[in-house]
Undergrad: 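One structure follows; several queries about it will come next.
Residues: numbered from 1 along the sequence shown.
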Amino acid sequence: MRKRHIVVLSEEERARLHTMIGRGVAPASALTHARILLKASQGEAGPGWTDAAIGAALEVIRPPWPGSG
């Protein structure tokens with residue numbers, strides 16, 4: 001399956017997300033989104049996980065969108 005969105009984060013963006021997660025004071029949905037972005041990052045420092053691997057690791061699923069087949 002082809003990725004819908006390619007995520008490439010700069011070192012500054014990665015550091016900001018890690019700081020936000022480390023503090024843990026943001027809403028749960030924002031922290032989950034930060035974790036997803038870090039796992040999905042295709043840059044040099046990013047692991048570039050697949051969508052399925054991210055969903056399984058973070059226990060999130062993609063909702064079925066109308067027309068998504």
Undergrad: What is the minimum heavy-atom distance between Q42 and I6, and which atoms define it?
TA: CG-CG2, 3.8 Å
Undergrad: Rounded to the nearest 0.5 Å, how far does CD of E11 lie from NE2 of H18?
TA: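 The CD atom of E11 is 8.5 Å from NE2 of H18, to the nearest 0.5 Å.
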Undergrad: If you look at every heavy atom in P47 and K39, which pair is closest and at what distance?
TA: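 Nearest heavy atoms, P47 then K39: CG-O, 3.5 Å.
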Undergrad: Can you tell me how far CD of E44 sits from OG of S10, rounded to the nearest 0.5 angstrom?
TA: 12.0 Å
Undergrad: To the nearest 0.5 Å, how far apart are NE2 in H33 and CE in M20?
TA: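 Here the interatomic distance stands at 8.5 Å.
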Undergrad: How far apart are the closest heavy atoms of I21 and L38, and which atoms are they?
TA: CD1-CD1, 3.6 Å
Undergrad: With rounding to the nearest 0.5 angstrom, report the CG to CD1 distance, L37 to I54.
TA: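 Taking CG in L37 and CD1 in I54, the distance rounds to 9.0 Å.
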Undergrad: Of all the heavy-atom pairs spanning L9 and S41, show the shortest one and how long it is.
TA: N-OG, 3.5 Å
Undergrad: What closest approach, in Å, do L58 and R35 show between heavy atoms, and which atom pair accounts for it?
TA: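 Result for this residue pair: CD1-CB, 3.8 Å.
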Undergrad: In this structure, would I36 and W49 fall into the same cluster of hydrophobic residues linked by side-chain contacts under 4.5 Å?
TA: yes
Undergrad: Write down the atom of A45, the atom of R14, and the distance for their closest heavy-atom approach.
TA: O-NH2, 3.4 Å
Undergrad: Verify the cluster assignment for L17 and L31: are they in a single hydrophobic cluster under the rule of side-chain heavy atoms below 4.5 Å apart?
TA: yes
